[in-house]
Number of protein chains: 2
Amino acid sequence: MERCDQEEESVSANSRLTIAAHALAWIGHYQRLGHEVATSEQIASSANTNPVVIRRLLGDLRRAGLVESRRGAGAGWSLARELESITLLEVYEAVETGPLFAMHRAAPDQGCVVGHGIQPAMQGIYDGIEGTLRRELSGVTLENVLRDVLAVPR
Amino acid sequence: MERCDQEEESVSANSRLTIAAHALAWIGHYQRLGHEVATSEQIASSANTNPVVIRRLLGDLRRAGLVESRRGAGAGWSLARELESITLLEVYEAVETGPLFAMHRAAPDQGCVVGHGIQPAMQGIYDGIEGTLRRELSGVTLENVLRDVLAVPR
DNA sequence: GGCTGTCGCAACATTAATGGTTACGACAGA
DNA sequence: TCTGTCGTAACCATTAATGTTGCGACAGCC
């Protein structure tokens with residue numbers, strides 16, 4: 001598979017949510033063209049990555065009940081649910097692991113008033129932010145995503 | 001410096017915002033007790049980390065105009081502004097680098113309709129989410145944080 | 001029954017961010 | 001001059017994400 005190098009400054013964050021949305025939109029679009037299943041090879045070609053990466057990601061989505069896979073001849077992936085019913089929140093929860101912001105690696109000094117109170121204080125703030133993030137993500141369906149994708153001018 | 005291992009499942013995300021808030025709250029609280037400056041050694045002891053890590057982080061905050069440092073004898077760190085006027089958004093922008101969610105590492109296949117439209121589509125969604133995140137962060141001041149910290153029961 | 005294409009998964013390499021550690025010069029007050 | 005602390009470079013360790021290869025499992029088809 002050819003690598004199409006593009007000079008990006010310094011990609012740090014994880015692109016798992018982006019690639020997962022790409023894969024779901026691709027499968028949904030492909031099925032609307034009349035095809036039964038999509039292969040990891042086809043999706044990887046569109047996303048410019050390795051088929052195994054796609055299979056790993058789709059494996060997470062299958063565990064979440066969003067897609068199904070068939071083995072044997074004529075194998076491939078298909079949606080387990082309609083694009084309209086899948087939200088970015090479900091995709092996010094299927095592919096993202098930890099919290100947005102982490103606490104200290106080692107517990108702060110509990111003998112210090114600041115060290116003692118900082119984790120509960122920040123946790124309360126972070127919980128509120130993650131709740132807002134989830135509300136935002138739950139307001140976007142994969143149908144919305146595919147519509148936006150197809151609306152981009154060539 | 002002793003390492004106080006605490007069994008966390010799998011800390012992945014970055015704790016830079018947490019540590020920065022800890023440091024600012026510590027300096028602010030210390031100054032209210034009548035002290036002029038705080039040393040990276042003291043802050044590191046409270047946060048249970050290395051003084052150099054604190055100096056690096058406070059260096060970012062100084063570049064953002066949130067703290068000042070003094071050198072020579074009686075050296076240390078002090079707030080450049082009141083805790084009430086510093087928001088978590090300013091701290092976030094001072095210490096966090098990239099976007100919350102990243103795009104593909106290599107550009108997707110532009111010859112595919114999905115590959116062509118996926119990045120603009122997701123970017124629009126991500127921009128909205130980051131805007132919401134920033135609004136949330138801008139609504140919390142370091143004064144709020146310190147108050148929450150001191151309100152935690154012993 | 002064998003052939004074929006694809007998934008499932010393990011194993012390993014690569015890259016990048018983060019954090020921990022040591023070292024040492026610069027600085028400024030006592 | 002002495003001392004304590006900052007400023008910063010250099011290096012190592014750890015972790016997550018990603019890329020890659022290999023191969024067995026599976027199921028339809030000939």
So, is [X] near the phosphate of [N], with a side-chain N or O under 4.0 Å from OP1 or OP2?
X: T39(B); N: dT5(D); result: no
X: S15(B); N: dG19(C); result: yes
X: T49(A); N: dT18(D); result: no

In short, salt bridge (charged side-chain N to carboxylate O under 4.0 Å, His left out) pairs touching residues 90-104 of chain B with sequence neighbours left out are R81(B)-E90(B), E93(B)-R134(B)

Take atom [atom1] of [X] and atom [atom2] of [N], then tell me their distance rounded to the nearest Å.
X: L57(A); N: dT20(D); atom1: CG; atom2: C1'; answer: 17 Å
X: E41(B); N: dT3(D); atom1: CD; atom2: C1'; answer: 16 Å
X: D60(B); N: dC6(D); atom1: CG; atom2: P; answer: 16 Å
X: F101(A); N: dA17(C); atom1: CZ; atom2: P; answer: 18 Å
X: E36(B); N: dC6(D); atom1: CD; atom2: P; answer: 15 Å
X: H104(B); N: dG19(D); atom1: NE2; atom2: P; answer: 11 Å
X: Q42(A); N: dT6(C); atom1: CD; atom2: C1'; answer: 11 Å
X: R105(A); N: dT18(C); atom1: CZ; atom2: P; answer: 10 Å

Contact check, residues 64-72 of chain A vs DNA chain C, heavy-atom distance under 4.0 Å, returns S69(A), R70(A), R71(A), G72(A)

Among [options], find the nucleotide with the atom closest to the side chain of [X].
X: N14(A); options: dA10(C), dG19(C), dT18(D); value: dT18(D)
X: V52(A); options: dT20(D), dT8(D), dA17(D); value: dT20(D)
X: R55(A); options: dG8(C), dC6(D), dA9(D); value: dG8(C)
X: T97(A); options: dC9(C), dA17(D), dT6(C); value: dA17(D)
X: N50(A); options: dC7(C), dA17(D), dG19(D); value: dG19(D)

From the list L66(A), I27(A), V149(A), L24(A), side-chain contact (heavy atoms from CB on, under 4.5 Å) with L142(A) holds only for L24(A)

query = Any side-chain heavy-atom pair from L61(A) and W77(A) closer than 4.5 angstrom?
reply = no

*Side-chain heavy-atom pair I19(A), I54(A) within 4.5 angstrom cut-off*: yes

Taking everything shown except E82(A) itself, do over 12 heavy atoms lie less than 6.0 Å from its CD? no

| task | Indicate, with a heavy-atom threshold strictly under 4.0 Å, whether R56(A) touches base, sugar-phosphate, or nothing. | result | base

Parallel, tilted or perpendicular: which describes the rings of Y30(B) and H35(B), with under 30° parallel and over 60° perpendicular? parallel

Ranking V95(B) and G74(B) by the position along DNA chain C of their nearest nucleotide, the one closer to 5' is V95(B)

Per nearest nucleotide of DNA chain D, the residue lying toward the 5' end, R16(A) or R63(B), is R63(B)

For P99(B), does its backbone N or O pair with a side-chain atom of E130(B) as donor and acceptor, under 3.5 Å?
no

Q: For S46(A) and H22(A), test the side chains for any donor-to-acceptor distance below 3.5 angstrom and give the result as yes or no.
A: yes

